[in-house]
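Both ligands and their constituent atoms are indexed starting at 1 by order of listing. Numbering starts at 1 and runs along the sequence shown.
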Amino acid sequence: MDTATARALDRSDRRPAVVVLGSINLDVVVELAHLPVPGETIIAQHVRRNVGGKGANQAVAARLAGADVEFVGRVGDDANADMLRNGLEAYGVGNRHLHAVDGAESGVAYINVADHDNTIVVVSGANWAWQQADADTDALVAAADVVICQLEVPDDVIERTARLTAGRFVLNAAPARPVSEELLPCCDPLVVNEHELAFLSGREITGPSEALTAQAELMERGARSVVTTLGSDGAVWTAPGEQGVQPAPRVDVRDTTGAGDVFIGHLATRLGSGASLGEAVRWATAAASWSVQVAGTHSAYPDLAQAAESLHLVPEPVFHPSSS
Ligand code: RIB
């Protein structure tokens with residue numbers, strides 16, 4: 001075990017308190033020989049139903065990475081709600097703040113997996129019918145080491161949460177939609193993939209160097225730090241005075257669904273344990289590359305020891321000084 005691994009594992013004696021406020025869905029997944037084109041009908045051999053949603057995925061990933069995790073979210077008053085609640089509990093994620101919305105249906109995501117890629121259609125249901133905050137949740141958010149949100153729940157809920165966060169606020173700006181000027185300065189880091197970065201920056205992102213330029217602009221607009229995942233090109237990050245490129249290891253990709261969520265769960269947990277952004281990106285890269293080799297979401301997520309095993313496959317990062 002190298003020194004960086006040993007140091008990170010040492011720090012994880014103290015389990016960071018992570019709150020994930022976000023979406024939870026029933027994922028209806030079919031594996032196909034290729035993704036359908038418009039007008040095409042494809043026959044699949046079987047369908048898999050599992051707990052998903054970017055929020056729930058990130059919560060389970062953070063828990064497996066070694067954090068104490070509470071999930072804050074909304075389900076419907078339908079038959080799927082219990083399955084979603086139990087799916088969090090099975091991994092030891094706290095679900096006391098997962099409330100049912102009267103008259104709403106739980107979120108459902110329809111996912112096609114093929115060609116090392118996927119398409120996802122989300123019917124948000126209760127995730128989007130979120131109106132009232134509760135005082136208990138406010139106290140939980142204020143006490144957390146790290147709070148993680150995504151963009152699958154209403155902006156008001158996210159902005160209120162960011163204002164209440166006293167620890168570190170991590171925003172996964174997915175799926176792509178605008179991030180308000182009020183929210184951007186709370187993000188430490190803002191985490192995006194290349195499509196979301198292109199959307200937020202208005203630039204074409206074809207690789208690490210364009211991503212670093214776009215990240216520098218987001219820092220000028222107020223973000224405290226930014227991380228971009230680039231699939232097989234790895235990830236890049238920008239923090240005050242430093243930029244870095246973290247190449248990904250070469251692995252056999254089977255299913256990338258939720259790989260970004262694994263990345264964020266591990267990233268946030270390492271940050272909560274005191275790692276630098278560069279160190280946390282390296283661990284998150286190891287964890288995500290482990291998960292894409294296995295089909296499924298939560299069942300394909302590595303724990304801390306498995307991420308540590310993959311760490312030696314992850315190439316050394318390249319650091320760049322930066323003026324931001
Ligand atoms: O990031 C993957 C997730 O996006 C899926 O689990 C799906 O539910 C959608 O929210």
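Below 3.5 Å of separation, one finds an N or O of K54 facing an N or O of ligand 1. For ligand 1, none of its N or O atoms has an N or O atom of T297 under 3.5 Å away. Some N or O of G53 is nearer than 3.5 Å to an N or O of ligand 1, by distance alone. Residue S23 has no N or O atom closer than 3.5 Å to an N or O atom of ligand 1.
In summary, the atoms of ligand 1 found under 4.0 Å from a heavy atom of G52, numbered by their order in the structure, are 6 (O), 8 (O). Close approach of ligand 1 to A109 is summarised as follows: ligand atoms under 4.0 Å from at least one heavy atom of the residue are 7 (C), 8 (O).
The closest approach between G260 and ligand 1 stays at or above 4.0 Å for every heavy atom of the residue.
In terms of modelled atom types and a separation under 3.5 Å, the side chain of S299 and the main chain of G296 share no donor-acceptor contact.
Listed by chain and number, the residues in a side-chain hydrogen bond (donor to acceptor under 3.5 Å, both in side chains) with T161 amount to none (sequence neighbours excluded). Partners of R163 under the side-chain contact (heavy atoms from CB on, under 4.5 Å) rule, at least two apart in sequence or in another chain, are E159, R160, E182.
Connection of L88 to V69 is established within a shared hydrophobic cluster, with ILVMFWY side chains joined at heavy-atom distances below 4.5 Å, either directly or through further cluster members.
A donor and an acceptor atom, one from each side chain of S106 and D78, are located under 3.5 Å apart. Looking only at atom types and distance, the side chain of N112 has no donor-acceptor partner in the side chain of N118 under 3.5 Å away.
Among all protein heavy atoms, the one lying closest to atom 7 (C) of ligand 1 is D27 OD1, 3.4 Å. The single protein non-hydrogen atom nearest to atom 2 (C) of ligand 1 is D261 OD2, 3.4 Å, given as residue, atom name and distance. In terms of protein heavy atoms, atom 3 (C) of ligand 1 is closest to N57 ND2, 3.7 Å.
Of the listed options E152, Q58, H298, E152 places a heavy atom closest to atom 10 (O) of ligand 1.
Between Y301 and H298, the ring planes lie tilted relative to each other; the angle falls in the 30° to 60° range.
Between R270 and E279, no side-chain nitrogen of the basic residue sits less than 4.0 Å from a carboxylate oxygen of the acidic one, so the salt-bridge criterion is not met.
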